[in-house]
Amino acid sequence: MRELFIFDFGNVLIKNITMIPEMARRLKTDEAALAADYALYEDSLISGLFPIEAYYRHLEEAYGVKIGEDLFRTCFHPVRNEGVFPVIDELRKGGNRVVVGSNTFHSHWHTIDELGISSHFDFCYASHLIHAVKPQESFFTYIMYMEGFTAGNTHFVDDMQENVDCASRLGIDAFRYTFNDSELRKHFGRYI
């Protein structure tokens, strides 16, 4: 039977996703303060409801600096997490539908192509494009609806426990990824 597999992007398909420390250095401000400020706007940014340019205007006013670049892009230096791709490729070869489901925004989404990740998937869903954010149930129900699958034949991989818990409550087989590729392979072994 064909199954749907949804893989998170950050800290699953890519690693080295931290950008706040470099942004704080460039803005000459305290890292903890910037992280707290960013947290206030994060859901609005990744849902696509608050423009990145508006956040930069906020930073300019709050920190008295001029921002002439897309800091979210220039301070973002991800690398592929090579260990997961053999499992993904085998799931697809087995006839399953495998997609990305990510909380992200425009400034980071380009890396899915630049790092050659999108070619491993049947489709890629980004929160800023579908206007739904994990751990909202609508994030999962939207993807299942678009893909034509129910929770009973959907699987989800994410690094954040609250996202895994939300998917589980919907009846989705959810796996928390901790960079242990052998555990991932073991969990999905019967589908490979």
Side-chain angles (χ1 to χ4, degrees), residues 6-81 99-118 121 123-147 156-167 169-170 172 174 176-177:
I6 305 169
F7 281 80
D8 178 41
F9 189 42
N11 284 330
V12 176
L13 303 177
I14 59 173
K15 50 189 174 182
N16 194 39
I17 65 170
T18 303
M19 63 188 169
I20 297 295
E22 185 176 338
M23 286 178 66
R25 284 191 301 276
R26 289 184 184 211
L27 295 171
K28 296 180 173 68
T29 191
D30 178 70
E31 184 180 325
L34 182 60
D37 182 81
Y38 171 73
L40 297 173
Y41 294 88
E42 184 176 23
D43 281 353
S44 296
L45 286 164
I46 62 178
S47 67
L49 300 177
F50 188 68
I52 290 169
E53 297 78 16
Y55 183 67
Y56 290 154
R57 283 196 303 274
H58 157 72
L59 289 179
E60 288 177 338
E61 292 172 12
Y63 295 103
V65 296
K66 180 70 177 153
I67 299 174
E69 62 183 319
D70 184 353
L71 290 173
F72 287 136
R73 187 169 185 154
T74 59
C75 297
F76 188 58
H77 310 290
V79 294
R80 284 170 55 117
N81 178 23
V99 302
V100 175
S102 179
N103 280 354
T104 191
F105 44 82
H106 179 73
S107 297
H108 291 176
W109 197 232
H110 69 282
T111 59
I112 200 159
D113 290 321
E114 287 178 3
L115 295 175
I117 292 171
S118 58
F121 292 88
F123 198 80
C124 300
Y125 294 93
S127 59
H128 73 285
L129 298 175
I130 67 173
H131 306 295
V133 176
K134 294 176 285 184
Q136 297 170 350
E137 291 181 2
S138 59
F139 181 89
F140 301 101
T141 57
Y142 177 87
I143 294 173
M144 289 187 296
Y145 173 78
M146 294 302 291
E147 292 293 327
F156 174 64
V157 179
D158 198 285
D159 64 307
M160 297 185 68
Q161 189 63 51
E162 59 264 33
N163 298 338
V164 169
D165 292 344
C166 179
R169 283 192 300 274
L170 290 170
I172 295 169
R176 183 168 183 213
Y177 181 74

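Residue numbers run from 1 in the order of the sequence given.
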Practice task
Please determine which of I17, N16, N81 meets the side chain to side chain contact (heavy atoms under 4.5 Å, CB included) test together with N11.
Solution key: I17
Exercise for the section: May I have the step-by-step check of ring pair (Phe, Tyr, Trp, His ring centres under 6.0 Å) for Y125 and F123, ending in yes or no? Expected result: CA-CA 7 Å; Y125 294 93; F123 198 80; 4.7 Å; yes
Exercise for the section: May I ask you to test the C124-V99 pair for a side-chain heavy-atom distance under 4.5 Å? Expected result: no
Problem - Donor-acceptor contact below 3.5 Å, side chain R80 vs main chain G116 - result: yes
Completion exercise
CE of M23 to CG of L59, rounded to nearest 0.5 Å, is 6.0 Å
Practice task
Using modelled atom types only, decide if a donor and an acceptor are shared between the side chain of N103 and the backbone of S127 within a distance under 3.5 Å.
Solution key: no
Exercise for the section: Decide whether D37 and H58 meet the rule of one side-chain donor and one side-chain acceptor closer than 3.5 Å. Expected result: yes
Problem - Residues that F50 engages under ring-ring contact (aromatic ring centres under 6.0 Å, His included), provided they are two or more places apart - result: Y41
Practice task
Could you tell me whether the side chain of F9 reaches within less than 4.5 Å of the side chain of D158, counting heavy atoms only?
Solution key: no
Exercise for the section: Taking the side chain as every heavy atom from C-beta outward, state whether L13 and V100 have any pair of such atoms under 4.5 Å apart. Expected result: yes
Exercise for the section: Just do the side-chain contact (heavy atoms from CB on, under 4.5 Å) check on F156 and N163 with the steps written out, would you? Expected result: CA-CA 9 Å; F156 174 64; N163 298 338; 4.1 Å; yes
Exercise for the section: Salt-bridge test for D159 and R176: reply yes if a basic N is under 4.0 Å from a carboxylate O, no otherwise. Expected result: no
Handout entry: Validation row: L27, L34 side chains within 4.5 angstrom (heavy atoms)
Key = yes
Exercise for the section: Kindly indicate whether the side chain of I143, heavy atoms from C-beta on, has any atom under 4.5 Å from the side chain of I6. Expected result: yes
Handout entry: Euclidean distance, S118 OG relative to I112 CD1, rounded to 0.5 Å
Key = 6.0 Å
Practice task
Indicate whether any N or O donor in one side chain lies under 3.5 Å from an N or O acceptor in the other, for Y63 and D30.
Solution key: no
Problem - Non-hydrogen side-chain atoms of V133 and F139 separated by less than 4.5 Å - result: no
Fill in the blank from the handout: Heavy-atom nearest pair, D70 first then S107, reads OD2-OG, 2.6 Å
Problem - Steps toward side-chain contact (heavy atoms from CB on, under 4.5 Å) verdict (I20, E31) - result: CA-CA 7 Å; I20 297 295; E31 184 180 325; 4.1 Å; yes
Problem - Nearest-0.5 Å distance that lies between atom OG in S102 and atom CD1 in I117 - result: 10.0 Å
Handout entry: Pair R73, H110: side-chain N/O donor-acceptor within cut-off below 3.5 Å
Key = yes
Handout entry: side-chain contact (heavy atoms from CB on, under 4.5 Å) between F7 and F121, intermediate numbers included
Key = CA-CA 9 Å; F7 281 80; F121 292 88; 4.0 Å; yes
Problem - M160 and V164, any side-chain heavy atoms less than 4.5 Å apart - result: no
Handout entry: salt bridge (charged side-chain N to carboxylate O under 4.0 Å, His left out) contacts touching residues 55-66 (sequence neighbours left out)
Key = E60-K66
Problem - All side-chain contact (heavy atoms from CB on, under 4.5 Å) counterparts of R26, not counting sequence neighbours - result: E22, E69, L71, T74, C75
Problem - side-chain contact (heavy atoms from CB on, under 4.5 Å) assessment of E162 paired with K134 - result: CA-CA 8 Å; E162 59 264 33; K134 294 176 285 184; over 6 Å; no
Exercise for the section: Could you tell me whether a side-chain N or O of H131 sits under 3.5 Å from a main-chain N or O of S47, the two making a donor and an acceptor? Expected result: yes
Exercise for the section: Evaluate the criterion ring pair (Phe, Tyr, Trp, His ring centres under 6.0 Å) for residue pair F72 and Y38; output intermediate values, then yes/no. Expected result: CA-CA 11 Å; F72 287 136; Y38 171 73; 5.7 Å; yes
Problem - Any T104 side-chain heavy atom under 4.5 Å of I46 side chain - result: no
